[in-house]
A.B. asks: 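Here it is: the structure, laid out below.
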Amino acid sequence: MISAQTWADARLLWDYHRMHHDPRPCSVAVGLGSHDLGVADVTAGLFRQGMAPVIVFTGATSPTTRSRMPRGEAVHYRERALQLGVPDSAVFVEPRATNTGENIEFTKSLLAEAGVEVSAVLLVSKPYEERRSYAMMRKLWAEVEVVCASTPMSLEEYADSIGDARMVIDMIVGALQRVLVFPGWGLAIEQDVSDTIVAAYERLCAEGFIGRLLPADVVARPGG
């Protein structure tokens with residue numbers, strides 16, 4: 001059973017992770033690979049709204065996606081987008097990335113090789129990955145503007161859609177740890193994290209929501 005305090009703390013982190021950007025037209029929409037096909041749905045919807053002329057789906061597989069997306073996250077995202085009416089000619093697939101840093105670097109290289117000029121990126125991720133992904137983009141692809149987007153759901157709605165509330169809270173906690181740690185590794189810009197958010201994070205860790213935390217020895221090692 002998840003307590004009322006745990007839900008309250010998780011909601012604080014959920015709201016913090018979301019950048020609350022208003023979508024606007026950008027050079028490209030980039031869908032970051034994950035276990036969540038909702039990323040592909042949102043990316044396709046933004047394309048249909050005219051928010052980007054082309055899409056890049058980026059991602060290989062991970063332990064959480066290998067069984068449900070055996071052809072790779074980016075490939076499954078592309079297939080979903082085509083089902084939703086996006087033309088094949090508008091979709092690039094980057095199938096090698098295994099982490100967000102590679103998502104960014106490989107997408108940047110793919111678009112450069114394709115001759116696509118990029119001044120602004122519509123970055124689509126899971127809701128609780130918006131802030132970390134934004135911070136990494138601003139560090140690793142600093143010359144472009146970044147507009148974040150994700151599935152417009154409450155925490156409870158999202159947890160219901162995934163079917164595993166504890167896993168979702170684990171993910172939220174892990175994403176906050178990376179927001180805190182990655183700037184020191186040169187992977188992301190610093191983000192303002194209030195004492196209220198840190199306290200909620202620490203309570204969730206104490207309650208055992210640590211399944212997606214980086215190991216202590218990795219966190220303590222400069223550069224990861």
A.B. asks: For residues Ser125 and Ser150, is any side-chain donor paired with an opposing acceptor at under 3.5 Å?
C.D. replies: no
A.B. asks: Please say yes or no: joined through hydrophobic side-chain contacts below 4.5 Å, possibly via intermediate residues, are Val168 and Leu176 part of one cluster?
C.D. replies: yes
A.B. asks: Do Val179 and Val181 share a hydrophobic cluster (ILVMFWY, side-chain heavy atoms under 4.5 Å, transitive)?
C.D. replies: no
A.B. asks: Compare every heavy atom of Pro87 with every heavy atom of Phe47, then report the nearest pair and how far apart it is.
C.D. replies: CE2-CD, 3.6 Å
A.B. asks: Using the test side chain to side chain donor-acceptor pair (under 3.5 Å), find all partners of Arg212 that sit at least two apart in sequence or belong to another chain.
C.D. replies: none
A.B. asks: Rounded to the nearest 0.5 Å, how far does CD1 of Ile169 lie from CH2 of Trp14?
C.D. replies: 10.5 Å
A.B. asks: Return the minimal non-hydrogen interatomic distance between Ala52 and Ala29, and the atom names on each side.
C.D. replies: CB-N, 3.5 Å
A.B. asks: Under 4.5 Å between any side-chain heavy atoms of Ser27 and Val116, yes or no?
C.D. replies: no
A.B. asks: Answer with yes or no whether the hydrophobic clustering places Met51 together with Val144; edges join I, L, V, M, F, W, Y residues whose side-chain heavy atoms lie under 4.5 Å apart.
C.D. replies: no
A.B. asks: Do you know which of Arg138, Met137, Met136 makes side-chain contact (heavy atoms from CB on, under 4.5 Å) with Ile189?
C.D. replies: Arg138
A.B. asks: Closest approach of Ala200 and Leu13, non-hydrogen atoms and distance?
C.D. replies: CB-CD1, 3.7 Å
A.B. asks: Looking just at side-chain N and O atoms, do Thr65 and Glu73 make a donor-acceptor pair shorter than 3.5 Å?
C.D. replies: yes
A.B. asks: Does CG belonging to Asp88 count more than 12 external heavy atoms closer than 6.0 Å?
C.D. replies: yes
A.B. asks: Hey, mind stepping through Val91 and Val86 against side-chain contact (heavy atoms from CB on, under 4.5 Å) and telling me if it holds?
C.D. replies: CA-CA 8 Å; Val91 183; Val86 177; 3.6 Å; yes
A.B. asks: Mind checking salt bridge (Lys or Arg N to Asp or Glu O under 4.0 Å) for Lys108 and listing every partner two or more places apart, or none if nothing turns up?
C.D. replies: Glu143
A.B. asks: For Val42 and Ala149, work out which heavy atoms get closest and say how close.
C.D. replies: CG1-CB, 4.5 Å
A.B. asks: Can you run down the side chain to side chain donor-acceptor pair (under 3.5 Å) pairs that involve residues 160-179, sequence neighbours left out, and say none if there aren't any?
C.D. replies: none
A.B. asks: Report the residue from Leu122, Val121, Leu46 that forms a side-chain contact (heavy atoms from CB on, under 4.5 Å) with Val147.
C.D. replies: Leu122
A.B. asks: Residues two or more places apart in sequence or in another chain: which of them pass side chain to side chain donor-acceptor pair (under 3.5 Å) with Asp36?
C.D. replies: Tyr158
A.B. asks: Run the salt bridge (Lys or Arg N to Asp or Glu O under 4.0 Å) test against Arg24 and tell me which residues pass, sequence neighbours left out.
C.D. replies: Glu145
A.B. asks: Using salt bridge (Lys or Arg N to Asp or Glu O under 4.0 Å) as the criterion, list what pairs up with Arg66, not counting sequence neighbours.
C.D. replies: none
A.B. asks: How many angstroms lie between atom SG of Cys148 and atom CG of Leu32, to the nearest 0.5 angstrom?
C.D. replies: 9.0 Å
A.B. asks: Which heavy atom in Asp192 sits nearest to a heavy atom in Tyr16, and how many Å separate them?
C.D. replies: O-OH, 2.9 Å
A.B. asks: Pairs in or reaching into residues 52-96: which pass ring-ring contact (aromatic ring centres under 6.0 Å, His included), with residues at least two apart or in two chains?
C.D. replies: Phe57-Tyr77
A.B. asks: Donor-acceptor pair, distance only, cut-off 3.5 Å: does the side chain of Thr6 make one with the backbone of Ile2?
C.D. replies: no
A.B. asks: Between the side chains of Glu102 and Thr98, does any donor sit under 3.5 Å from an acceptor?
C.D. replies: yes
A.B. asks: Please list, chain by chain and in numerical order, all residues satisfying ring pair (Phe, Tyr, Trp, His ring centres under 6.0 Å) with Phe106, sequence neighbours excluded.
C.D. replies: none
A.B. asks: Cluster question for you: counting only ILVMFWY and a side-chain heavy-atom cut-off of under 4.5 Å, with indirect links fine, are Leu110 and Val93 together?
C.D. replies: no
A.B. asks: Do Leu12 and Trp7 have side-chain heavy atoms sitting under 4.5 Å apart?
C.D. replies: no
A.B. asks: How would you list all residue pairs meeting ring-ring contact (aromatic ring centres under 6.0 Å, His included) that involve residues 187-208, not counting sequence neighbours?
C.D. replies: none
A.B. asks: State, with a plain yes or no, whether a side-chain heavy atom of Arg96 is found less than 4.5 Å away from one of Glu94.
C.D. replies: yes
A.B. asks: Can you list every pair that meets ring-ring contact (aromatic ring centres under 6.0 Å, His included) and has a residue in residues 19-44, with sequence neighbours left out?
C.D. replies: His21-Tyr134
A.B. asks: Tell me if a side-chain donor or acceptor on Glu130 pairs with a main-chain N or O of His17 at a distance below 3.5 Å.
C.D. replies: no
A.B. asks: Rounded to the nearest 0.5 Å, what's the gap from CG on Leu140 to CD on Glu105? Could you check?
C.D. replies: 5.5 Å
A.B. asks: Is there side-chain contact between Arg131 and Gln191, with heavy atoms separated by less than 4.5 Å?
C.D. replies: yes
A.B. asks: For Cys26 versus Ala120, what's the shortest heavy-atom pair and its separation?
C.D. replies: CB-O, 3.4 Å
A.B. asks: Verify the cluster assignment for Met167 and Tyr128: are they in a single hydrophobic cluster under the rule of side-chain heavy atoms below 4.5 Å apart?
C.D. replies: yes
A.B. asks: To the nearest 0.5 Å, tell me how far Lys126 NZ sits from Ser34 OG.
C.D. replies: 4.0 Å
A.B. asks: Considering residues at least two apart in sequence or located in another chain, which fulfil the salt bridge (Lys or Arg N to Asp or Glu O under 4.0 Å) criterion with Asp22?
C.D. replies: none
A.B. asks: Determine, stepwise, if the pair Leu84 / Asp41 fulfils side-chain contact (heavy atoms from CB on, under 4.5 Å).
C.D. replies: CA-CA 8 Å; Leu84 295 173; Asp41 293 352; 3.4 Å; yes
A.B. asks: Determine, stepwise, if the pair Leu155 / Ile172 fulfils side-chain contact (heavy atoms from CB on, under 4.5 Å).
C.D. replies: CA-CA 10 Å; Leu155 168 60; Ile172 293 169; 3.5 Å; yes
A.B. asks: Is there side-chain contact between Val124 and Val30, with at least one heavy-atom pair below 4.5 Å?
C.D. replies: no
A.B. asks: How many angstroms lie between atom CG of Leu180 and atom CD1 of Ile197, to the nearest 0.5 angstrom?
C.D. replies: 10.5 Å
A.B. asks: Given side chains that start at C-beta, do those of Val173 and Cys205 come closer than 4.5 Å, heavy atoms only?
C.D. replies: yes
A.B. asks: For atom CZ of Arg68, is the number of surrounding heavy atoms from other residues, nucleotides or ligands below 6.0 Å larger than 12?
C.D. replies: no
A.B. asks: So how far is it from Gln5 CD to Leu204 CG, rounded to the nearest 0.5 Å?
C.D. replies: 8.5 Å
A.B. asks: Under the 3.5 angstrom rule, does the side chain of Thr100 hit a backbone N or O of Asn103 as a donor-acceptor pair?
C.D. replies: no
A.B. asks: Partners of Glu202 by side chain to side chain donor-acceptor pair (under 3.5 Å), sequence neighbours excluded?
C.D. replies: none
